[in-house]
Each structure stands twice: as C-alpha cells, then as structure tokens.
Student: 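Let me give you the structure first, and then I'll get to my questions.
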Amino acid sequence: MLNFEFKNPTKVFFGRGEIEKLSTQLPKDKKILLLFGGGSVKNNGVYDQIKKALGTHNYLEFWGIPANPEYEVLMSALDIIKKEKIGYLLAVGGGSVIDGTKYLAAAALYDGDPWEILKKPVRTSEKEALPFATVLTLPATGSEMNSGYVISRKETQEKLSSGGPGLFPEFSILDPEVVRSIPKRQVANGICDAYVHVLEQYMTFPTTATLQERFMESVLKTLQEVAPKVLAEVFDYDAAANFMWCCTLALNGLLQKGVPTDWAVHAMGHELTAYHGIDHARTLAIISPSHYRYNFEAKKQKLAQYAENVWGITSGDTEEKAREAIEKLEEFYHSLGIKTKLSEYTHQYKDTASKVRAAFLSRNWQGLGEHKNLGPDDAYKIVEMSY
Ligand code: NZQ
Ligand code: ZN
C-alpha cells in the first residue's frame, strides 16, 4: 500500500428533511450569495425549503449557472461578490453549480486575472478562498465533498480543472428526496460518472491495498444494483439514498488513498465536452472502453479482477476474463441508455483525435495514466478508437 495523507473537512448532513439545518449552519454575520442553475429547484420544492430555512439571514441570489459551468457567466457572479462584499457562498445544484461556486470562492480572493487560476493552474490553499457550503440536487460528481472543480470556456473551447485544500465545502446537505425530480437522462449520467470515478482509481494494476480494492468493488456493485431502481418510474427512497452516497464516496478522496490512479479517461473526456458539448458522463462512456482496449496489456490483470469480483465471471484465463470485463462495462453503459461511440453523438467527429492531440501537446501532457507513460499520440489513438 502506498503512503498517503487524508483530510476531508466537509461535514455531511444526509437524509430526508436535512435542508432545514441550513438555518443553524449558515453564518448570521456574513452576507451570503446563493448560487443556482437554470431553475429546477423552483419546480421541486428545494428553493422553497431553502427560503424557509434562511429566514432572516442576509443573502442575495444568483441564477443561471449552466451545465458545464461557463466562465463568462461566473464572471458576472464574481462582480456581484465583489460589489456586494459577499462573505459566504451557498451552492444549490449539481456538479456544475458547485464547481462554479468553488471557482468563485477562489477567484474572489485571487489577486490577478481569474482565468490564470485555471490556465496555470493555481492551487487554492486553506484560507485563500471564501468559505462556502452546498445543497446537492444531483448525485454524480462528488463535488459536494471534494476540493476539485472543472470550468468551461466556450470562447476558447477549453474545459479546465483546478482545486486545492482551500476548496472543500464547509458542509454539504444531501437529501435523497431531490432524486425524485431528476430527469432519467441525468440520473443515468450520475450513475455513469460515479462508476467511472471508481474505475479511474481502480482499473490500474493489482495492488496490496486490499481494503481499498474491496471498497471500490463494493461501490461499483452497489451502483449496478441500484441503477435499475433509480431509473424506474416509481421513486425508491432507499435506492436513491444508496445512489447518492455512492456518488459522494466515489470521489471524496477516500478510495484513492494508498493506490495508483489513472484519470486519463477524464482528461480525454473533458476535451469531448469542450468541442462537442457532450454531457460529461457520456464522454467517459465513449472513451473508457477504448482506453481499456488500447492499454490492455498494462491493465489486463485488473480487468480480470474486476470481471471476477464485480461481475462474478469465473471461467476463462486472465485475458478472456479481461476482454469480457470490457464487454460487461459497455453493456452496463447501454443498460443506462448511454451510447458508447463518439459518432453516435455528433457527425462532426473526424478531427476530434487531432484536436485532442494538439491540446495535450500545447499543455505538455506527456505522462497520463497510472504509469505516467501516455502522451498526446496515445490520446490520439484512443480517441480515434472511440469514433
Ligand atoms: O440547472 P438546473 O435547472 O438546476 O438543472 C440541472 C442541469 O440542467 C439539472 N438538475 C440538477 N438537479 C436537478 C436537476 N433537474 C431536476 N431535478 C433536480 N434535482 O441537471 C442538469 C445537469 O446538472 P449539472 O450540475 O451540470 O450535472 P452534474 O452534476 O453531472 O455536473 C457536471 C459538471 O461537473 C463536472 C463536469 O465536468 C461537469 O462540468 N465534474 C466535476 C467534478 C468534481 N468537481 O469533482 C468531477 C467530475 O468528474 C466532473 O468533471
Ligand atoms: Zn467525472
């Protein structure tokens, strides 16, 4: 097992009705900015619960953070934060609103061009950001209990990430009741994103971190088990609760302690969102099967372990099990209604591999993957295999 440090300061309030605790958890002595997406919270009762809990707190509202939080929109929010001397942020939404809020928390105290934070990128240390909290409305990213974020900029077709220990939410409220109103397409995205978060930390090579391996296999199996229940028409609270907690645990930092990690699927996936606007989770379903096929030799033992421990495949040798693992993975994406080829999302896909190679070259990304040996040419081939 590799050495590690682990600190996660985010306090979680989990369960039905927990949103009312905002009344005691939010500061009374600071001006708060509430940040929202496009308005789903007005139709599902979340906004009303928040208004009630906030009572006499001093707050303003900012609406309109879009999916794949957009730099230009966030700059308008930053103006308000500065002009109104906002001292605390509350994100109410999915990964996009939460990520946008993290970026704003960092940008508010950053002395310089805010785009630099993403471009360099600049890590945000403790006390270098405004304090903030979240009310999660869409289980998927884990952003509610981690310190990373991803921002898009249409003007330059870029999607860049940053983070740092100063960007953990102070607290996050996770009420599984919010899952009721989520469109099935977004539920499927959430399952897929969380699933691939685990794979990025798991699908490397066999390790001696036995507990971490079992944790990860458990999250994968639980997601598989709850997927049909949360996608069904009838709402199932316990399935929603397990789905939500899986998503948080998949990326709150615990699973990756003591093990090697990959994250190349995300690196390539973000480019597909930047060029084609494809939902984040779907880009991962497009890239991951090709990534595992391309890196078959390096990953086959872990693929075979996944086949055995997650899918119960016991027959065949290592290579056969590993190949079946990739097929099972693709079948799982399809069972969520998620397509796995780039050409199924856009007709303008042919120059995508070249654009990814050029972007990775410009950032000098030469060492992706758990062995840090994948460069722009490998990314080109993997993306091309995903057409
Ligand atoms: O904007 P509103 O009207 O609220 O609608 C949203 C949005 O259109 C809707 N929605 C959210 N909760 C709902 C709901 N609709 C009905 N009922 C509810 N309860 O869902 C749509 C998508 O929301 P979004 O926040 O964009 O989805 P998600 O949570 O998947 O976030 C995606 C973003 O997070 C980044 C992605 O790259 C992408 O930009 N990620 C962040 C990570 C992190 N911070 O750790 C890790 C991930 O790998 C990912 O990269
Ligand atoms: Zn993701």
Side-chain angles (χ1 to χ4, degrees), residues 10 19 34-47 49 62-71 73-74 91-103 105 118 134-153 158-164 167-169 172 174-201 230 235 240 243-244 247-253 256 262-274 277-285 287-288:
T10 302
I19 292 174
L34 272 50
L35 296 122
F36 299 97
S40 68
V41 292
K42 285 217 167 145
N43 303 322
N44 61 11
V46 169
Y47 179 68
Q49 290 179 62
F62 182 87
W63 289 85
I65 298 179
N68 306 311
E70 171 59 35
Y71 177 74
V73 176
L74 295 169
V92 183
S96 294
V97 175
I98 299 176
D99 281 12
T101 300
K102 288 178 178 174
Y103 178 51
L118 287 149
T134 86
V135 175
L136 180 68
T137 66
L138 173 53
T141 64
S143 189
E144 66 280 6
M145 202 181 174
N146 69 37
S147 61
Y149 62 92
V150 196
I151 303 298
S152 294
R153 191 170 186 179
E158 284 171 291
K159 187 174 179 191
L160 301 175
S161 56
S162 189
L167 291 174
F168 283 98
S172 284
L174 282 61
D175 179 348
E177 283 287 338
V178 299
V179 174
R180 271 182 199 277
S181 64
I182 304 173
K184 296 300 175 211
R185 179 179 136 234
Q186 296 295 350
V187 173
N189 283 352
I191 297 165
C192 179
D193 192 21
Y195 198 90
V196 180
H197 291 160
V198 181
L199 291 180
E200 296 269 40
Q201 303 164 86
V230 285
F235 178 70
F243 162 45
M244 192 172 231
C247 293
T248 303
L249 278 182
L251 200 53
N252 74 348
Q256 69 184 19
D262 183 343
W263 296 111
V265 174
H266 272 69
M268 289 177 266
H270 288 332
E271 298 303 309
L272 303 193
T273 302
I278 301 169
D279 291 350
H280 168 66
R282 285 162 203 256
T283 68
L284 310 175
I287 296 290
S288 51

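Start at 1 and go down the list; that is how both ligands and their atoms are numbered.
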Student: Using heavy atoms and a 4.0 Å limit, tell me yes or no: is P183 in contact with ligand 1?
Tutor: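 Yes, P183 has heavy atoms under 4.0 Å from ligand 1.
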
Student: Report, rounded to 10°, the angle at the Zn ion (ligand 2) between the two atoms OD1 (D193) and NE2 (H197).
Tutor: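 With the Zn ion (ligand 2) as the vertex, OD1 (D193) and NE2 (H197) sit 80° apart.
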
Student: Under 4.0 angstrom from atom 9 (C) of ligand 1, is there any protein heavy atom?
Tutor: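 No, there is no protein heavy atom closer to it than 4.0 Å.
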
Student: May I ask which of S40, A194, G148 has a heavy atom nearer to atom 15 (N) of ligand 1 than the others do?
Tutor: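 Considering heavy atoms of S40, A194, G148, the nearest to atom 15 (N) of ligand 1 sits in S40.
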
Student: Does ligand 1 have an atom under 4.0 Å from some heavy atom of G142?
Tutor: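 The answer is no: ligand 1 sits nowhere under 4.0 Å from a heavy atom of G142.
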
Student: Using heavy atoms and a 4.0 Å limit, tell me yes or no: is G163 in contact with ligand 1?
Tutor: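 Per 4.0 Å heavy-atom rule, G163 does not contact ligand 1.
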
Student: For R180 and ligand 1, answer yes if some heavy atom of the residue is under 4.0 Å from a ligand atom, otherwise no.
Tutor: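 No, R180 has no heavy atoms under 4.0 Å from ligand 1.
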
Student: Which is it for T273 and ligand 1 at heavy atoms under 4.0 Å: side chain, backbone, both or neither?
Tutor: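 Under 4.0 Å from ligand 1, T273 contributes no heavy atoms.
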
Student: May I ask whether G93 places a heavy atom under 4.0 Å from ligand 1?
Tutor: no

Student: Look at atom 36 (C) of ligand 1 and find which of H266, K102, K159 reaches it with the closest heavy atom.
Tutor: K159

Student: Would you mind finding which of P139, P66, G95 brings a heavy atom closest to atom 31 (O) of ligand 1?
Tutor: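 Among P139, P66, G95, the closest heavy atom to atom 31 (O) of ligand 1 belongs to G95.
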
Student: I'd like to know whether ligand 1 has I182 as a neighbour, heavy-atom separation below 4.0 Å.
Tutor: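 Per 4.0 Å heavy-atom rule, I182 contacts ligand 1.
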
Student: Say whether N189 and ligand 1 are in contact under the criterion: heavy-atom distance to a ligand atom below 4.0 Å.
Tutor: no

